Amino acid sequence: MYALIQRSQLIGIFTSKPKMRAAIETLIKASFEVDGVHGHYHFKYTEILPNQMCKQMFSLFTLHDEYFEHEVETDWNTGEILKL
């Protein structure tokens, strides 16, 4: 399972990376339609592991992003996901 945040706001908990990617793409598309510009969206995620559940649940509830060690890289011009 994966937990996704954007600027310290919980976006959701997903069972797989493809589902998380689809959610990110939807958010970027909606943002582009409303604002008309792309940019860096500051998505970060962590994989929720059973042996580190306490640390990660604390991180989810307090939204301290130091435990969200993976950053989603997007192209500033197109909004395309470069690295997940």
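Every value quoted in this text rests on a predicted model; they were computed, and no experiment measured them.
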Calculate, to the nearest 0.5 Å, the distance between atoms NE2 and CZ belonging to His42 and Arg7 respectively.
-> 4.0 Å

When rounded to the nearest 0.5 angstrom, what is the spacing between OG1 in Thr74 and CD in Glu25?
-> 11.5 Å

From CD1 (Ile5) to OG1 (Thr46), nearest 0.5 Å = 9.5 Å

Approximate separation, where rounding is to 0.5 Å, of Ile13 CD1 and Ile48 CD1 | 4.5 Å

Contacts table for residues 14-24: side-chain donor-acceptor under 3.5 angstrom, sequence neighbours left out:
| residue | atom | partner | partner atom | Å |
| --- | --- | --- | --- | --- |
| Thr15 | OG1 | Lys19 | NZ | 3.4 |
| Ser16 | OG | Lys19 | N | 3.4 |
| Lys17 | NZ | Tyr45 | OH | 3.4 |

Are the side chains of Phe43 and Ile28 in touch, meaning some heavy atoms are under 4.5 Å apart?
-> yes

Look up atom CG in Leu4 and atom CG in Leu84, then write down how far apart they are to the nearest 0.5 Å.
-> 8.5 Å

